[in-house]
Asks: 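Attaching a single structure in structure tokens format; questions to follow.
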Amino acid sequence: MPKTIAISQNRHILCEPSRWQQQLAQAITDPNELLLRLQLEPDAGDFHLEQQAFNLKVPLAYVDKMQPGDPLDPLLLQVMTQSSELVSTPGYSQDPVGDLEACKVSGLLHKYHGRVLLITTAACAIHCRYCFRRHFPYQQQQAGREQWTPAIEYISRDSSISEVILSGGDPLVLSDDRLAQLINQLETIPHLKRLRIHTRLPVVLPDRITDSLISLFAESRFNVSLVLHANHANEISRAETDVLRRLQSAGIILLNQAVLLKGINHQLQQQIDLSEALHSAGVIPYYLHLLDAVQGAAHFNIEHQQAKQLIRRMRELLPGFMIPRLVREIAGKKSKTPANEL
């Protein structure tokens, strides 16, 4: 029997068996093991098999959605180091969106009016090769349990802040207990209205979306939004659709932000299929990001005009509510920049 623990005076969370944590611990970190599971030879693609500072990490639940024998599988290419990743590219940096300049206290980024972003953890369930925070100095900037106090105090002092965004890493790598403690603290700040959670776990490790986690969000006094990160329709199978629908049924607003990636989702049909899969799962396509110019990801870049043409073609074939906004994040700007303003 699972047991119930008190999280606050008025809230209890059911401690379910941590199957998702076991799956996370079993994630593949050896490139050779990943290729072996996919029945691929080491020379099947442009793969780099030596460990890097930003190493391979991918749960088996995600690997199971890859096509064995296909070195160009769009999910494989999101996680597997390629030789082109090691080439230093002019114009690409380790801090492409100005995160470090926006750090006001440890683990808290304040870029945009009315909202702040909290770096809750350095950990992710998966290491995506295009990650704009792959070089982020988490040791200095992570707002872990011991460092939440400065961030909470910063938010409390600024009554213009109405929304907190939990990010990382991935905030859903944290246990329900730790998430509840943080949310409880944030709920004591009267001028906060909204809580947003940026996460890849629903499509990477769907078992993470437990009944207790859904209850935690549903019972919050905040309007809770979950911003999913899915790049390809193959990431959204029946299991992912089911957990996303459960979140939606609990009143959680579901949005998706994708990154436009060469060789993965830059074709028209790939973007149409992604929008269709998201809609079937109850998720609104929100943003399609032009690639952040992070060092090591230049091989994923799609030219601006090609991206705009892609969106124009999508408008001809899909209703407007299924078309994401094509944007770029520019360091120092006060909001995301729409592609038509670039």
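As a basis for the values below, the full set of heavy atoms in this structure was taken, side chains included, without hydrogen atoms, waters or symmetry mates. Keep in mind it's a predicted model, so treat the numbers as computed, not measured.
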Asks: Does Arg133 use its side chain to pair, donor to acceptor, with the backbone of Gly168 at less than 3.5 Å?
Replies: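 A pair under 3.5 Å: yes.
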
Asks: The test is side chain to side chain contact (heavy atoms under 4.5 Å, CB included); show your working for Leu278 and Tyr286 and say whether it passes.
Replies: CA-CA 10 Å; Leu278 291 168; Tyr286 177 41; over 6 Å; no

Asks: Treating Ile, Leu, Val, Met, Phe, Trp and Tyr as nodes and any side-chain heavy-atom pair under 4.5 angstrom as an edge, say whether Leu260 and Ile330 lie in one connected cluster.
Replies: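 In one cluster: yes.
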
Asks: For Arg129 and Leu77, indicate whether the former's side chain and the latter's backbone hold a donor-acceptor pair under 3.5 Å.
Replies: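 Looks like no, no N/O pair under 3.5 Å.
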
Asks: Search all heavy atoms of Gly296 against all heavy atoms of Arg134 and return the closest pair with its distance.
Replies: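 Minimum heavy-atom contact is O-NH1, 3.8 Å.
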
Asks: Would you say that Leu56 contacts Asp30 through its side chain, given a criterion of any heavy-atom pair below 4.5 Å between the two side chains?
Replies: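 Side chain of Leu56 against side chain of Asp30, heavy atoms only: no contact under 4.5 Å found.
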
Asks: Looking at Val243, Ile126, Leu228, Val283, which one forms a side chain to side chain contact (heavy atoms under 4.5 Å, CB included) with Val203?
Replies: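 Passing option: Leu228.
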
Asks: Salt bridge (charged side-chain N to carboxylate O under 4.0 Å, His left out), that's the test. Do Asp242 and Arg246 meet it? Break it down for me.
Replies: CA-CA 6 Å; Asp242 287 347; Arg246 286 168 55 209; over 6 Å; no

Asks: Of Gln269, Gln271, Gln270, which meets side-chain hydrogen bond (donor to acceptor under 3.5 Å, both in side chains) against Asp273?
Replies: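 Only match with Asp273 under side-chain hydrogen bond (donor to acceptor under 3.5 Å, both in side chains): Gln269.
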
Asks: Can you find a heavy atom in the side chain of Leu192 that is under 4.5 Å from one in the side chain of Arg221?
Replies: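 Leu192 reaches Arg221 side chain to side chain.
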
Asks: Backbone N or O of Leu172 within a donor-acceptor pair of the Arg208 side chain at under 3.5 Å?
Replies: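 At least one qualifying donor-acceptor pair exists.
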
Asks: Answer yes or no: is there a side-chain heavy-atom contact under 4.5 Å between Phe222 and Glu163?
Replies: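 Not in contact.
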
Asks: Report the C-alpha separation of Glu341 and Lys333 in whole Å, then their side-chain angles, then the decisive distance to 0.1 Å, and conclude whether the salt bridge (charged side-chain N to carboxylate O under 4.0 Å, His left out) test is met.
Replies: CA-CA 13 Å; Glu341 296 180 11; Lys333 294 287 187 179; over 6 Å; no

Asks: Could you tell me whether the side chains of Gln309 and Arg312 share a donor-acceptor contact shorter than 3.5 Å?
Replies: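 Judged by distance alone, the side chains do pair up.
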
Asks: CG/Leu261 to NE2/His299 distance, rounded to the nearest 0.5 angstrom?
Replies: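 The CG atom of Leu261 sits 9.0 Å away from the NE2 atom of His299.
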
Asks: Looking only at heavy atoms, which two atoms of Ile284 and Phe321 are closest? And how far apart?
Replies: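 Nearest pair, atom of Ile284 first, then Phe321: CG2-O, 4.5 Å.
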
Asks: Can you list the steps and then say if Gln248 with Arg245 is a side chain to side chain donor-acceptor pair (under 3.5 Å)?
Replies: CA-CA 5 Å; Gln248 185 193 46; Arg245 281 293 185 183; 2.6 Å; yes

Asks: Go through it in stages, so that I can follow the logic: the residues are His289 and Phe132, the test is ring pair (Phe, Tyr, Trp, His ring centres under 6.0 Å), and I'd like the CA-CA distance, side-chain angles, deciding distance and then a yes or no.
Replies: CA-CA 11 Å; His289 286 265; Phe132 68 93; 8.1 Å; no

Asks: Can you check side chain to side chain contact (heavy atoms under 4.5 Å, CB included) on Val79 and Ile28, steps first, answer last?
Replies: CA-CA 11 Å; Val79 302; Ile28 293 178; over 6 Å; no

Asks: So does Ala230 get a backbone contact from the side chain of Asn256, meaning a donor-acceptor N/O pair under 3.5 Å?
Replies: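 Answer holds: yes.
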
Asks: Where is the tightest heavy-atom contact between Ala298 and Thr89, given as atom of each residue plus distance?
Replies: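 Ala298 and Thr89 have their closest heavy atoms at CB-OG1, 3.4 Å.
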
Asks: Decide yes or no for Ile236 and Leu274: does some side-chain heavy atom of the first lie under 4.5 Å from some side-chain heavy atom of the second?
Replies: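 Yes, side chains in contact.
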
Asks: What pair of heavy atoms forms the shortest contact from Pro206 to Ala61, and how long is it?
Replies: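 In terms of heavy atoms, the two residues are closest at CD-CB, 4.5 Å.
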
Asks: Is it the case that the side chain of His135 and the backbone of Gln295 share a donor-acceptor pair, with hydrogens and angles ignored and the cut-off at 3.5 Å?
Replies: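 At least one qualifying donor-acceptor pair exists.
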
Asks: When rounded to the nearest 0.5 angstrom, what is the spacing between NZ in Lys104 and CD1 in Ile155?
Replies: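 Result: 13.5 Å between the selected atoms.
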
Asks: Crowded around Glu33 CD? As in, over 12 foreign heavy atoms under 6.0 Å?
Replies: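 Atom CD in Glu33 is packed in, count exceeds 12.
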
Asks: Using 4.0 Å as the upper bound for N to carboxylate O, is an ion pair formed by Lys65 and Asp73?
Replies: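 Here Asp73 does not pair with Lys65 in a salt bridge, since their nearest N and O are not under 4.0 Å apart.
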
Asks: Quick check: do Leu49 and Met80 have side-chain heavy atoms less than 4.5 Å from each other?
Replies: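 Yes, their side chains come closer than 4.5 Å.
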
Asks: Heavy atoms only: give me the nearest Thr210-Asp207 pair and the separation to one decimal.
Replies: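 Looking at all heavy atoms of both residues, the shortest contact is CG2-O, 3.5 Å.
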
Asks: Is there side-chain contact between Lys336 and Arg325, with heavy atoms separated by less than 4.5 Å?
Replies: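 No, too far: nothing below the 4.5 Å cut-off.
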
Asks: Test Gln22 against Arg19 for side chain to side chain donor-acceptor pair (under 3.5 Å), laying out the working first.
Replies: CA-CA 5 Å; Gln22 296 173 12; Arg19 176 179 173 183; over 6 Å; no

Asks: Check whether more than 12 heavy atoms from other residues, nucleotides or ligands sit under 6.0 Å from atom CD of Glu303, and answer yes or no.
Replies: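 Incorrect, the count does not exceed 12.
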
Asks: Let me check something: do Val97 and Val294 share a hydrophobic cluster, defined by ILVMFWY side-chain heavy atoms less than 4.5 Å apart, either directly or through other members?
Replies: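 The answer is no; the residues belong to distinct hydrophobic clusters.
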
Asks: Answer yes or no: are there more than 12 heavy-atom neighbours, outside Lys308 itself, under 6.0 Å from its atom NZ?
Replies: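 Yes - once you tally the heavy atoms of other residues, nucleotides and ligands closer than 6.0 Å, there are more than 12.
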
Asks: Mark yes or no for whether His279, through its side chain, and Glu276, through its backbone, hold a donor-acceptor pair below 3.5 Å.
Replies: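 Checked: no pair found.
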
Asks: Can you confirm whether Leu76 sits close enough to Phe47 that some side-chain heavy atom of one is under 4.5 Å from a side-chain heavy atom of the other?
Replies: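 The answer is yes, as the side chains (C-beta and beyond) meet within the 4.5 Å cut-off.
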
Asks: Asp158 vs Ser160, test: side chain to side chain donor-acceptor pair (under 3.5 Å). Steps then yes/no.
Replies: CA-CA 5 Å; Asp158 189 344; Ser160 71; 2.5 Å; yes

Asks: After noting the C-alpha distance and the side-chain angles of Ser156 and Glu153, does the key distance pass the side chain to side chain donor-acceptor pair (under 3.5 Å) rule?
Replies: CA-CA 5 Å; Ser156 298; Glu153 290 176 347; over 6 Å; no

Asks: In terms of hydrophobic clustering (I, L, V, M, F, W, Y; side-chain heavy atoms under 4.5 Å; direct or indirect links), are Val227 and Val116 co-clustered?
Replies: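 Val227 does not cluster with Val116.
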
Asks: How close do Pro59 and Leu205 get, heavy atom to heavy atom, and via which atoms?
Replies: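 Reported closest heavy-atom pair: CB-CD1, 3.9 Å.
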
Asks: Counting N and O atoms only, with roles assigned by atom type, does the side chain of Asn231 sit under 3.5 Å from a partner on the main chain of Val259, one being a donor and the other an acceptor?
Replies: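 It does hold such a pair.
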
Asks: Keeping the roles fixed (side chain from His127, backbone from Asn55), state whether a donor-acceptor pair exists under 3.5 Å.
Replies: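 It does hold such a pair.
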
Asks: Taking the hydrophobic residues Ile, Leu, Val, Met, Phe, Trp and Tyr, and joining any pair whose side-chain heavy atoms are under 4.5 Å apart, which ones share a cluster with Tyr112?
Replies: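 Direct or chained contacts put Tyr112 with none.
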
Asks: Please say which of Arg194, His191, Lys193 ends up in a side-chain hydrogen bond (donor to acceptor under 3.5 Å, both in side chains) with Ser162.
Replies: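 The option that passes is Arg194.
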
Asks: Decide whether Leu60 and Leu35 are clustered together by the hydrophobic rule: side chain heavy atoms of Ile, Leu, Val, Met, Phe, Trp, Tyr closer than 4.5 Å, transitively.
Replies: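 Yes: a chain of side-chain contacts under 4.5 Å links Leu60 to Leu35.
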
Asks: Between the main-chain N or O of Leu182 and the side-chain N or O of Gln185, is there a donor-acceptor pair closer than 3.5 Å?
Replies: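 Such a contact is absent between Gln185 side chain and Leu182 backbone.
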
Asks: Is the shortest heavy-atom distance from the side chain of Asn234 to the side chain of Pro74 under 4.5 Å?
Replies: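 SC-SC contact between Asn234 and Pro74 confirmed.
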
Asks: State yes or no: do Tyr154 and Leu166 share one hydrophobic cluster built from I, L, V, M, F, W and Y residues joined by side-chain heavy-atom distances below 4.5 Å, directly or via other members?
Replies: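 Yes, Tyr154 and Leu166 fall within the same hydrophobic cluster.
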
Asks: Verify, without hydrogens or angle tests, whether Ser275 (side chain) and Met322 (backbone) share a donor-acceptor contact under 3.5 angstrom.
Replies: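 Looks like yes, one N/O pair under 3.5 Å.
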
